[in-house]
Amino acid sequence: MVAYFTEIYTGLMSLFIGMGITFKEFFKPTVTVAYPYETLTMSSRYRGHIELVEDEEGNPQCVVCGLCEKACPSDCITLAGEKPEGGKKKVLTKYMLDFTKCSLCGSCVESCSFGAIDFSKEYNLASTKKEDFYFDLLKRLEERKK
Amino acid sequence: MNSPILLQPDETFILNVGPQHPATHGVLRVKMEMNGEYIVNAETVIGYIHRMHEKMGELKTYPQFLMNLSRMDYLGALGYSHGHVLLVEKASGIVVPERAEYIRAIMVELNRVASHLFWFGAFVMDLGGFSPLMYALQDREHILDMLESVTGSRLTYCYFRFGGLCNDVDDNFIKAARQFIPRMRKSMKKYHKLVTGNIIFRKRLEGIAPLSKEMCRKYGASSAVARGSGINFDVRKNEPYSVYPEFDFDVPVYHECDSLARYMVRMDEIEQSLRIVEQGLDKLPGGPIMPDKKPKLIKPPVGDYYQAVETARGSFGIRLVSDGGKNPYRLKLRSPTYSNMHLFDEACQGMMIMDALAFMGSLDLVIPEIDR
Ligand code: SF4
Ligand code: SF4
């Protein structure tokens, strides 16, 4: 009999303790931000989709060795290059990224010994069309130049 | 007028839980044969998000498969990657620098805390309490921030490499981790007051869904499911790997066998993981995070290799059969929740449906990890 009433008492108390905690939390400062009106800065190592890195003149640093293409586990990267007339080094003519398949693993960035690709900080990428995720990185680089 | 459907006294009906159901946290389907509110028979149906990870393991080269492991269990991804890199390193004789092993252990333990926090929130939400989930996520967010600052991702990490890591930790991370530990300890007190002591919570778990030791053994259960039934087994202690023998931590074991015992094991595990992180930060040696000679082409010699690790969900085993080529001949992934879940069919017979759902929550199922 005593145990019965003790249980009711401790049970009730436990509910009040819980209420007290939620009440206290209620007056704590907000920890969320009202996205998209406010945004947070991404950490320096944040992995967005990859982007070509340019040299001082604004040309891609890529030497078209094709290592990133081979390293990618999901075949996201298609690139092409050609030797210009009289030139010695190959010049990049096409660099396509299929972001629909990319898992942001970083294999491409690591495999490039020329520092020619890097992660971007982009994350506002929502779209209803699949085509929006096929990035022409060379074109993006040109646009950045302007 | 339609006459109401009346069941005969012994007649049963079939109730489908899932594949899309808020109580299962993923696409798991449970076909329940019900007699009123009591379960006569239950059958778990899996495979709704089977993604052929094992086959991908055979088709891809070793480094290309690195990122798959974190897609198996999205809540405690690093533990799975850890098993994979340890296995391939063992098979091909790669020596990992000490600093890298320490960082791996710290990261895996932080990830375990994050996983347990999410489980805690979701479990309490299954039982009808919403606010603990929010508090748990708030703490978990701190861990994810820390992990993101090092690995670049918040959930599906691809951080470990054969031989070491792709990034080193910086002072900011160490500072943040040191600040996080006392914060988490304080939160744990709050959770115990808010949830563990709560009478409704206790009444719904105490003595419910008892799992005998024999049953756990029969189905190969591990993690809190086995440890809540008095089986003192933790891969980190019983088959030590990595730098775990260097750490001083306990394996929480409860003998009550009920849902509350499984809950208590996980809650205690958070504290133990914090202890490991603390010691790891204290002992963190300097030095490189990759061997001097980076392993270029990974081609383990012909053989059959196995590595088990303790992930947040239990004993994860990975077996590699190599024919000496660039990709594995066979890669078998033993998923812990697969075994833990199969208990459910037998254990829930005769249980009330509300208890069965609470029981399912206490198993900590992650469906993509079962289906893999
Ligand atoms: S991050 Fe990984 S998946 Fe994405 S393009 Fe690079 S190598 Fe391919
Ligand atoms: S690895 Fe670097 S240099 Fe080689 S093709 Fe890729 S981006 Fe260009």
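Each chain gets a letter, A, B and so on, in the order the sequences are listed, and its residues count up from 1. Side chains are part of it too, since the values below use all heavy atoms of this structure and drop only hydrogens, waters and symmetry mates.
Atom NZ of B/Lys193 is surrounded by 12 or fewer heavy atoms from other residues, nucleotides or ligands within 6.0 Å. More than 12 heavy atoms of other residues, nucleotides or ligands sit less than 6.0 Å from atom NZ of A/Lys101. The 12-atom threshold is not exceeded at OH of B/Tyr329, counting heavy atoms of other residues, nucleotides or ligands nearer than 6.0 Å.
Among the residues in residues 163-184 of chain B, those with a non-hydrogen atom closer than 4.5 angstrom to a non-hydrogen atom of chain A are B/Cys166, B/Asn167, B/Asp168. For residues 11-35 of chain A, the interface with chain B (any heavy-atom pair closer than 4.5 Å) comprises A/Gly11, A/Ser14, A/Leu15, A/Ile17, A/Gly18, A/Ile21, A/Thr22, A/Glu25, A/Val31, sorted by residue number.
Contacts of B/Arg161 with chain A are made by side-chain atoms alone, with heavy-atom separations under 4.5 Å and no backbone atom involved. Residue contact with chain A, scored on non-hydrogen atoms closer than 4.5 Å, involves the backbone of B/Thr151 exclusively. Residue contact with chain A, scored on non-hydrogen atoms closer than 4.5 Å, is absent for B/Arg154. Using a 4.5 Å cut-off between heavy atoms, B/Gln138 contacts chain A through its side chain alone, with no backbone atom that close. In this structure, chain A has no heavy atom under 4.5 Å from any part of B/Val195. Contacts of A/Ser44 with chain B are absent, with no heavy-atom separation under 4.5 Å from either backbone or side chain. The part of B/Tyr135 that comes within reach of chain A is its side chain, from C-beta onward, which places non-hydrogen atoms under 4.5 angstrom from that chain. With a 4.5 Å cut-off on non-hydrogen atoms, B/Lys60 touches chain A through its side chain but not through its backbone.
Judged by distance alone, the side chain of B/Arg71 and the main-chain N or O of A/Ser103 form a donor-acceptor pair under 3.5 Å.
The line from OH of A/Tyr46 to OG of B/Ser149 is 14.5 Å long, rounded to the nearest 0.5 Å. Between the CG atom of A/Leu104 and the SG atom of B/Cys158 there is a distance of 10.0 Å, given to the nearest 0.5 Å.
Under the 4.5 Å side-chain criterion, counting only non-hydrogen atoms from C-beta, A/Cys72 is not in contact with B/Gln64.
Shown here for B/Met67 and A/Ser74, the closest heavy-atom pair between the two residues is CE-OG, 4.1 Å. Here the closest heavy-atom approach between residue B/Glu148 and residue A/Met42 is recorded as OE2-SD, 4.2 Å.
Ranked by heavy-atom pairs under 4.5 Å with chain A, the list B/Leu66, B/Val150, B/Asn68 is led by B/Val150. Counting heavy-atom pairs closer than 4.5 Å to chain A, the top-ranked of the candidates B/Glu141, B/Lys203, B/Arg202 is B/Lys203.
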